[in-house]
Amino acid sequence: MKSKILIAGALSGLMLFAMPENATGTEMPDYDKFPTYNGEDLELTVDANGTKFRLWSPEAEAARVMLYPTDRNSTATDTLAMKRSDGGAWVTNVPNRLYGKFYTFQIKYHGKWLAETPGVWAKAVGTNGERAAIIDFATTNPEGWDKDRGPALKNITDAVIYEMHHRDFSEHPSSGIVNKGKFLALTESGTHNLTGESTGIDHLKELGVTHVHILPSYDYNSVDEANLPSNQYNWGYDPFNYNAPEGSYSTNPADPATRITEMKEMIKNLHDNGIGVVMDVVYNHTAQNDDSNFSLTAPGYYYRHRPDGSYSDASGCGNETASERQQMRDFIINSVKYWAKEYHIDGFRFDLMAIHDTETMNQVAAALKEINPDIFIYGEGWTAGDSPLPVERRALKENVSKMPQIAVFSDDIRDAIKGHYSNAADRGFASGKPGNEETVKIGIVASTAHPQVDYSKGNISKFAYASSPTQIINYVSCHDDLMLTDKLRKSMPEASDSLRQRVARLAQTIVFTSQGTPFLWTGEEIFRDKKGVHNSYKSPDSINAIDWTLKHDNAAQFNYYRELIKLRKSHPAFRMTTSEQIAKHLVFDKVDAPNLISYSLKDNANGDNWKEIKLVFNGSDKPQSVKVTRGNWIVIASDGVINAEGIGFSKGGRLDVAPYSALILAREK
Ligand code: CA
């Protein structure tokens, strides 16, 4: 959320100087009157008749294509003049298939030839994405690709999402993985740390997550692909080529096919192991302003501006795109469609989604569901700054009821459980701070209307903004801000790590038993940290890489998370799909102590084989007692220990709940 401002803060030296130059004060063109072209053959098509170029650039005075023999360090072998065509496009054709060649576009605008660009639709690129490549995509498919499918998913609430960065996950020597920091890391089976605990894809299977959510994997700007041994790191929220994979994650960025093939191999192997792939997409801004591929093909059009002509900046990164304009909207829709069809992507996470308008997001969802109804979409329902787009049109979490097929992150439950995301010392419900009980309850019911939840007492949102639990992603930490381990170290400075691990278990137990869809940041399950770094977007591996020896040292923590995930996956009561079900089957008990919540999932909720599940969360540093109906209960979790099949039995009555822990009971009758 606001942490994106911090990213921008780090980049702003560059961005802020660029802005006054754009403040020309000239009147903005009426972009809505520009002709548009919605065909899927923009920029490059190769077929039996040859190679066709079609560039959308309605205001260009002339346009041309340059052909190159290599991805860089060579001069153009040919320059092809383009002719005006319909829909604001320019075209030129060559009768043969130019496989193996590279190309750029160049347009003449206000009497000057602008810099060369690979265009906005480059699907294959060479080093640093400077030139687009003409390749035969049929040769990039791994064996069996035509039969490749992601996991079937009835509802998004059945997903368990694991957010990860390629380099974090495999770079550390303890990973035992050969292709460190690469797409191929997730194709290696049988990898383990020095003490024999599994790593890599085997670790994901053992943990039981259903989907990995990979941080930006399109071609981004910051890491120099020509100098990979320098081991630069970046999260990748600086988009350059939206429709080609990032080169630094491939074993050979100079060969355009390699990054494509290797990303597909990664996806296929995850699919073969029953794991889906969610891609983080960042259409809300570009790394550059006047020099971006958008600006070099259709100057001004793709961005929003302030009245003085300068770039508006709801992303906090120097600019924001204009999804409400037809050609930009089509670009986003066609781009996600392309990733879904060509790469078999199973879900999309929209960065700063509220920079986009609700209509675009609804069309994105409709287009993707048509390709595969199991694809799901979620995003950050906020911006990182103000926008010219009216609030009612923004894809904000508060507007999610206008987007039935979209889910948003619940910052409500996140901050209520662990404390404020940027105020490091602040504690939350799970770490002993009273006053967050009602907001945690808002999270438990997935921000849907519930007769026992008083939204006026919510810390952030004051109304039930979700129409259905399928619209909410629950989490307590992600790549942004302090990860949970660091947050607990800073907010509980006197505590031991073993106490903090207890608190982390309680925190994630709330997330994973709540209605909505759970989401876990990579490495939380082995209590890794990021050395207290808030915004590690370009921190070195020493901060970001996961030390897998922690899986041995914190084995009990890992086992807790694994059982927690197993519990959720085995019981549909945690995965209700309508707000009506939740209002009927989820009943809070009257408890009147700070940092104490008690509730039941009743009457075989959502077809569960358990008649009733009782959940009690004690976020205080003292034992608290609750009254539980007498009956034959199986104890699922107690005092920081959990087993999805049960750890003992209870007859109910007055029960003690240990400090910083969850009590979970279940009965079949
Ligand atoms: Ca790149």
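Just follow the structure's listing: the first ligand is 1, and inside any ligand the first atom is 1. For this chain, numbers begin at 1 and follow the sequence in order.
Under the 6.0 Å cut-off for aromatic ring centres, F376 and H211 qualify, their centroids lying closer than that.
Nearest to the Ca ion (ligand 1), among the N, O or S atoms that D219 has, is OD1. E246 contributes OE1 as its N, O or S atom closest to the Ca ion (ligand 1). Looking only at its N/O/S atoms, E225 has OE2 as the one nearest to the Ca ion (ligand 1).
Using a 3.5 Å distance cut-off with no hydrogens or angles, the side chains of T117 and N293 do pair a donor with an acceptor. For the 3.5 Å distance criterion, the side chains of K52 and T45 fail to qualify, holding no donor opposite an acceptor. Between the side chains of E320 and S312, a donor-acceptor pair is found at a separation under 3.5 Å.
Y220 lies close to the Ca ion (ligand 1), since one of its N, O or S atoms is found at a distance under 3.0 Å.
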